[in-house]
Amino acid sequence: MLRRTARLLVAFVMIMSGAVVGTVATAGTAHADGCYTWTRTLSEGASGSDVTQLQIRLGGYAGYGSVLAVDGSFGPATSAALKRFQSAYGLAADGIAGSNTYNKLYALQDDDCTPIHFSYAELNDCNSTWSGGAVSAATAKANALRTMWKLEALRHALGDQPITVTSGFRSYACNDAVGGSSSSRHLYGDAADLGAGPHSLCTLAKQARYHGFNGILGPGYPDHNDHTHLDHRSSRFWSAPTCGI
């Protein structure tokens with residue numbers, strides 16, 4: 001909370017300073033950000049690492065049953081996801097990433113690039129190195145980051161009430177200890193189990209269909225009556241019979 005308050009105070013001071021000297025913020029350079037700063041306006045047809053960074057943060061706005069590719073190419077799907085993001089936060093939904101879009105993204109992320117309501121620690125209570133799973137530690141951690149941005153979108157769509165992550169990345173040892181499947185997506189770092197809280201498990205499962213998750217397992221699916229499981233498997237598999245999914 002203190003870190004978040006400090007960042008907001010710094011942003012406010014920067015904005016006010018710009019107003020005093022008559023500075024006009026240009027697209028992508030609204031303010032320097034500890035995680036990532038965009039330096040140009042992005043729209044359909046653009047490509048590059050800055051598009052990749054944008055797509056990671058828009059993953060939760062892919063639309064019902066869709067998954068947004070993180071390929072560095074700004075196509076129609078990225079434009080549509082951006083419009084949904086802009087609309088969700090009261091911005092002009094023009095599908096063009098400029099200073100207003102970037103400022104909102106800067107406000108939503110911490111200096112380690114995680115969204116403000118989730119952390120690497122929440123997505124990994126197995127070990128501190130992200131090692132020992134089905135992919136490299138770097139890949140597991142990168143997958144978890146994409147998961148967190150999708151969870152941030154899910155959280156916002158459900159009224160910005162807390163979402164509790166009960167399990168994230170697991171090494172093979174951690175997975176065996178909890179009796180997980182030998183092919184569990186937790187081994188890849190791209191899965192999250194959610195517990196009930198302000199929202200029921202069925203509410204979480206139903207809403208997740210709009211936020212880029214190919215894998216959704218919940219109440220009514222074997223061994224999932226006490227949590228909703230979300231992941232990024234390669235093809236869609238949704239099963240939460242108690243919830244009508």
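- Here the side chain of Asp110 pairs no donor or acceptor atom with the backbone of Cys113 at under 3.5 angstrom.
- Of the possible donor and acceptor atoms, none in the side chain of Ser200 sits under 3.5 Å from a partner among the backbone N and O of Ala196.
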Distance-only check: which donor-acceptor pairs under 3.5 Å involve side-chain atoms of residues 77-85, not counting sequence neighbours?
| residue | atom | partner | partner atom | Å |
| --- | --- | --- | --- | --- |
| Thr78 | OG1 | Gln55 | NE2 | 3.1 |
| Arg84 | NH1 | Tyr61 | O | 3.0 |
| Arg84 | NH1 | Ala62 | O | 3.1 |

task = Would you please test Leu217 and Phe237 for side chain to side chain contact (heavy atoms under 4.5 Å, CB included) and show each step?
result = CA-CA 8 Å; Leu217 305 175; Phe237 183 77; 3.5 Å; yes
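- Residue Ile163 is grouped with residue Tyr210 when hydrophobic side chains (ILVMFWY) are merged at heavy-atom distances under 4.5 angstrom, including chains of intermediate members.
- Residues Val67 and Val70 fall into different hydrophobic clusters, defined by Ile, Leu, Val, Met, Phe, Trp and Tyr side chains chained together at heavy-atom separations under 4.5 Å.
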task = Start with the C-alpha gap between Thr114 and Leu145, add the side-chain angles, then the distance that decides, and say whether side chain to side chain contact (heavy atoms under 4.5 Å, CB included) holds.
result = CA-CA 6 Å; Thr114 60; Leu145 181 64; 4.1 Å; yes
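- No side-chain donor-acceptor contact under 3.5 Å links Asp71 and Ser73.
- Applying the 6.0 Å contact sphere to CG of Asp223 captures no more than 12 heavy atoms from other residues, nucleotides or ligands.
- The shortest distance between side-chain heavy atoms of Asn127 and Phe169 falls below 4.5 Å.
- For the residue pair Leu151 and Ala192, the shortest heavy atom distance occurs at CD1-CB, 4.2 Å.
- Summarising the geometry, atom CD belonging to Gln86 is positioned 4.0 Å from atom OG1 belonging to Thr101; distances are rounded to the nearest 0.5 Å.
- Side-chain atoms of Arg236 never come within 3.5 Å of backbone atoms of Asn214 as a donor-acceptor pair (strictly under, hydrogens ignored).
- Summarising the geometry of Pro219 relative to Thr228, their closest heavy-atom pair is CD-OG1, 4.1 Å, with the distance given to 0.1 Å.
- Using a 4.5 Å cut-off between side-chain heavy atoms of Ile, Leu, Val, Met, Phe, Trp and Tyr, with links allowed through other members, Tyr221 and Leu201 fall into different hydrophobic clusters.
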ask   = Can you list the steps and then say if Thr147 with Phe118 is a side chain to side chain contact (heavy atoms under 4.5 Å, CB included)?
value = CA-CA 10 Å; Thr147 299; Phe118 298 93; over 6 Å; no
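- Within the model, atoms OG of Ser239 and NE2 of His229 stand 11.5 Å from one another, a figure rounded to the nearest 0.5 Å.
- One finds the CG atom of Leu187 at 4.5 Å from the CG atom of Asn175 (value rounded to the nearest 0.5 Å).
- Here NZ of Lys150 is found 11.0 Å from CD1 of Ile56. Values are rounded to the nearest 0.5 Å.
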task = Show your working on ring pair (Phe, Tyr, Trp, His ring centres under 6.0 Å) between His232 and Tyr188 and close with a plain yes or no.
result = CA-CA 9 Å; His232 307 311; Tyr188 295 81; over 10 Å; no
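- Within the model, atoms OH of Tyr89 and CG of Asn103 stand 14.0 Å from one another, a figure rounded to the nearest 0.5 Å.
- Counting only distance, with no hydrogens or angles, the side chain of Arg57 and the backbone of Leu54 share no donor-acceptor pair below 3.5 Å.
- Taking 4.5 Å as the limit, some side-chain heavy atom of Arg155 sits within range of a side-chain heavy atom of Asp160.
- Across all non-hydrogen atoms, the minimal contact from Pro115 to Met148 is CG-O, 3.5 Å.
- When every heavy atom of Ala144 is checked against every heavy atom of Leu123, the shortest pair comes out as CB-CB, 4.2 Å.
- Of all heavy-atom pairs spanning Phe213 and Leu230, the tightest one is CD2-CB, 3.6 Å.
- Within the 3.5 Å criterion, the main-chain N or O of Gly218 finds no donor-acceptor partner in the side chain of His224.
- Each of Asp231, Asp193, Asn124 was compared with His186 under the side-chain hydrogen bond (donor to acceptor under 3.5 Å, both in side chains) criterion, and only Asp193 meets it.
- Remark: the backbone N or O of Leu154 is not paired with any side-chain donor or acceptor of His156 at under 3.5 angstrom.
- Smallest separation of non-hydrogen atoms from Leu204 and Leu158: CD2-CD1, 3.9 Å.
- Tyr102 has its side chain within reach of Leu42: a pair of non-hydrogen atoms, C-beta onward, lies under 4.5 Å apart.
- Taking CG of Leu68 as the start and NE2 of His211 as the end, the distance is 13.5 Å to the nearest 0.5 Å.
- By the side chain to side chain contact (heavy atoms under 4.5 Å, CB included) test, Ile96 pairs with Thr41, Ser43, Asp94, sequence neighbours left out.
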inquiry  = Using side chain to side chain contact (heavy atoms under 4.5 Å, CB included), reason through Leu105 and Tyr36 one step at a time and then give a plain yes or no.
reply    = CA-CA 10 Å; Leu105 290 172; Tyr36 185 84; over 6 Å; no
